[in-house]
Each structure stands twice: as structure tokens, then as C-alpha cells.
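Have a look at the structure below before the remarks.
Just so it is clear, the values below take in all heavy atoms, side chains as well, and ignore hydrogens, waters and symmetry mates.
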Amino acid sequence: WVQEEAPDVLCLQETKCAVSAVPAEVRALPGLPHQFWSSAKDRPGYSGVGLLAKTEPLNVTYGIGDPEHDVDGRVVTAEFPSLFVVCAYVPNAGRGLVRLEPRLRFDAAFLAFLRRLDAQKPVLLCGDLNVAHNEIDLCHPRVNRNNPGFTAQEREGFSRLLDAGFVDSFRHLYPEARGAFTFWTYLGGARARNVGWRLDYAVLSQRLLGALCDCKIRSTVAGSDHCPITALLAV
């Protein structure tokens with residue numbers, strides 16, 4: 001699928017492997033020779049992200065400058081001539097919301113990080129942001145109101161991101177689209193019934209809207225409990 005899609009940049013989240021354990025077939029993906037991986041320190045099998053690029057970035061950084069969260073290997077940022085591409089895996093609030101407070105601290109630190117980048121050049125944020133922003137973004141909003149990914153606090157955090165000058169590209173283009181999900185639990189045949197959540201986003205600086213061509217949810221692509229999304233920009 002990656003070869004068919006032929007992306008200029010491929011962002012992967014929740015890779016769950018150390019840099020040394022990245023599979024050979026991923027290392028050898030044609031057209032994506034520049035690869036940058038981040039994994040959780042001393043926690044094998046946890047978190048992790050990867051950013052793969054067709055052309056070499058001007059610069060690559062790891063983390064958001066916050067010691068509490070950077071040990072988890074959640075963010076890789078590549079600078080290109082016309083924009084920053086940020087690959088991110090936002091923390092899950094956890095069953096019973098046991099990790100909601102650390103999640104909210106991440107949201108605040110991450111927004112400050114994105115604003116610092118945006119002050120330099122436009123930003124494209126791609127990743128599993130672990131939040132369904134509005135009721136239209138999940139199948140059963142009422143019963144999930146106090147569950148991880150749909151608490152008022154997490155949704156407000158995403159609203160603050162938008163208020164800071166960023167745009168949810170898919171919802172900007174398809175404001176009324178229903179059943180547009182990117183995650184389905186493995187339990188109960190949820191994917192076949194499209195009982196899902198939209199947790200994966202391409203969020204961009206407002207001044208990139210003129211370059212936005214489309215944002216597609218590739219819901220037929222198997223291989224994970226998430227599906228890929230594709231952001232198409234003319235930059």
C-alpha cells in the first residue's frame with residue numbers, strides 16, 4: 001500500500017519498537033530512504049514514532065522539549081523548505097482516565113511547541129491525536145462521554161489547538177461527513193460494522209489552507225486497528 005500511495009512523507013505512530021528493531025522491509029521501502037525513528041526510553045514495546053521521507057529534510061528534531069513526555073518517543077519533526085512536518089502519537093488517557101492529567105499536561109506543552117514552530121514557518125501535524133473532537137467523530141458519543149479520547153478536557157484541548165490558528169483538514173473539507181472513522185477496536189467486529197472513532201488527523205497552519213488539495217481517510221487499508229490517512233498539499 002505504501003508503494004502504491006507513494007507518499008513524499010510517511011508518518012507512523014505507536015511503532016512499539018526500538019530503532020534497532022525496525023523491520024528490514026520497512027528500512028528498505030523504495031522511495032523513502034530518509035528515515036527517523038524515536039522510541040520510548042527503557043520501555044520496549046511502548047509508544048514510538050517514525051518519519052520517512054523521499055527527500056532529505058533540512059533538519060530533524062525529537063520530542064517537544066518537555067522531559068516528562070520526551071522519554072516516551074512521541075514526536076519527530078522534520079523541517080522542509082516550505083513547512084514543518086510533525087509526526088505525533090499523543091498519550092492515551094488510559095482506562096478509568098488514570099492518565100488524564102499527564103495527557104492534559106502533554107496537550108499544553110505540545111500546543112506551545114507547535115506555536116513555536118508556527119512562528120517560524122507553517123506546520124503540518126500528522127498523527128494519532130487520541131481524541132474524537134466532536135460527536136460526529138465517533139459512532140457512539142453519548143455512551144463514551146467520560147471515556148478516554150472523548151472527555152470534555154481532551155476535546156477542549158483540541159479546540160484550543162484550532163483556536164491557536166490550526167485547522168483540522170478533513171473536517172474543513174468535509175464538515176458534514178459522517179461515519180468517517182480511522183480507528184476501530186478489534187472487539188465485536190467493530191470495523192466491519194464501522195463502529196469507530198476518528199482519532200487520526202492532518203492538522204495544518206491556517207496559512208497552508210490555500211495549498212490543501214484533499215485529506216483522505218483510507219478506510220479499506222488493513223493491517224492495524226487504525227487506518228492510514230493521506231494529506232495532499234501543493235507546496
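- Side chains of Glu156 and Ser159: no donor on one and acceptor on the other come within 3.5 Å.
- His140 NE2 to Glu135 CD: the interatomic distance, rounded to the nearest 0.5 Å, is 13.0 Å.
- Arg198 forms no cation-pi arrangement with Phe181, by the criterion of a distance under 6.0 Å to the ring centre and an angle within 45° of the ring axis.
- Taking the six-membered ring where the residue is Trp, Phe183 and His226 present tilted rings, their angle falling between 30° and 60°.
- Nearest heavy-atom pair across Asn147 and Leu97 is C-CD2, 4.1 Å.
- For Arg116 and Phe113, the positive end is not near the middle of the six-membered ring at less than 6.0 Å and at most 45° from its axis.
- Annotation: cation-pi pair Lys16/Tyr46 absent, no NZ/CZ under 6.0 Å from the ring centroid and within 45° of its normal.
- Aromatic ring orientation, Trp197 versus Phe150: perpendicular (interplanar angle above 60°, classes split at 30° and 60°).
- Aromatic rings from Tyr62 and Phe36 are positioned such that their centres are separated by 6.0 Å or more.
- Using a cut-off of 4.0 Å between Lys/Arg side-chain N and Asp/Glu carboxylate O, Asp137 and Arg171 are scored as salt-bridged.
- Asp66 has no carboxylate O lying under 4.0 Å from a charged side-chain N of Arg105, or vice versa, which leaves the two without a salt bridge.
- In this structure Glu56 satisfies the side-chain contact (heavy atoms from CB on, under 4.5 Å) test together with His34, sequence neighbours excluded.
- By the side chain to side chain donor-acceptor pair (under 3.5 Å) test, Asn130 is found to be paired with no residue, residues two or more places apart in sequence or in another chain being considered.
- Atom CG of Asp163 sits in a crowded spot, with more than 12 heavy atoms from other residues, nucleotides or ligands closer than 6.0 Å.
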